[in-house]
Amino acid sequence: MPIMRLWFYDPSGDKEGMLNHVVAKIDGPFCHCELQFPDQQACAIYMGSKVLMKTRTFDASMYTSVPVSCNNTQLRSAREFADKEVSKETAFSTMAMSMALLPSLPYNGNGTFCSKLCADILIAAGLLEPSTPTHKLSPSALYRLFASSSSNPIKAPSNVVSAIDFK
């Protein structure tokens, strides 16, 4: 059975990245997440960028890994959705990210941010309920969603792991 991995970044050991610390302070401990496919390609988006796929490794001192078990059909659906977001050049939305941290205020604009992107990929793969309000999921909220649900196909973290090329 294929395994994808959600990686959650904890900025507590990062001397830079003030915004990362602000996000983690508002809803911590995480400020960023990515979804990695079995071929080591990770789907990610960063502030000021567009959705991208890149081969990467993760440093165990700053990221928490959550394995996502899936079947081949789900893996294919996840990859197709991620590839489509890359080809559409979906951009990072600072407004969308900010509104996710303010749960009582609605937001229906365009763009995405890391945890929304990961959750949307998991919905497309049938690994997350379609009714999940992805526009309101901070990285820590996404982590809590999967770490707390025994019925969810995403299992609790198995190890702590940090992007070598995060910056």
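Just so you know, these numbers use all the heavy atoms, side chains as well, and skip hydrogens, waters and symmetry mates. Residue numbers start at 1 and run along the sequence shown. Being a predicted model, the structure only gives us computed values, none of them experimental.
Counting only heavy atoms from C-beta outward, the side chains of D39 and R79 approach each other to under 4.5 Å. The side-chain heavy atoms of M99 and K136, taken from C-beta on, include a pair separated by under 4.5 Å. L142 is listed as a side-chain neighbour of F8, based on a closest heavy-atom distance under 4.5 Å.
Although no hydrogens or angles enter the test, the distance criterion places no donor-acceptor pair under 3.5 Å between the side chain of E85 and the main chain of A82.
Here the closest non-hydrogen pair linking W7 and Q36 is NE1-OE1, 2.8 Å.
Atom NZ in K50 sits 14.5 Å away from atom OG1 in T112 (nearest 0.5 Å). Taking CG of L137 as the reference point, atom CZ of R144 lies at 9.5 Å (rounded to 0.5 Å). Atom CD1 of I121 is separated from atom CD of Q74 by 14.0 Å, given to the nearest 0.5 angstrom. To the nearest 0.5 Å, atoms OH (Y9) and OG (S140) are separated by 13.0 Å.
Note on L122 and I3: separate hydrophobic clusters, where clusters join Ile, Leu, Val, Met, Phe, Trp and Tyr whose side-chain heavy atoms are under 4.5 Å apart, directly or indirectly.
The aromatic rings of H32 and Y46 lie parallel to each other, their planes meeting at an angle below 30°, with 60° marking the opposite boundary.
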Would you sort out whether D10 and T64 count as a side chain to side chain contact (heavy atoms under 4.5 Å, CB included), showing the intermediate values? CA-CA 8 Å; D10 178 349; T64 297; 5.8 Å; no
Could you please spell out the steps behind the side chain to side chain contact (heavy atoms under 4.5 Å, CB included) verdict for F58 and R5? CA-CA 11 Å; F58 292 83; R5 290 192 175 277; over 6 Å; no
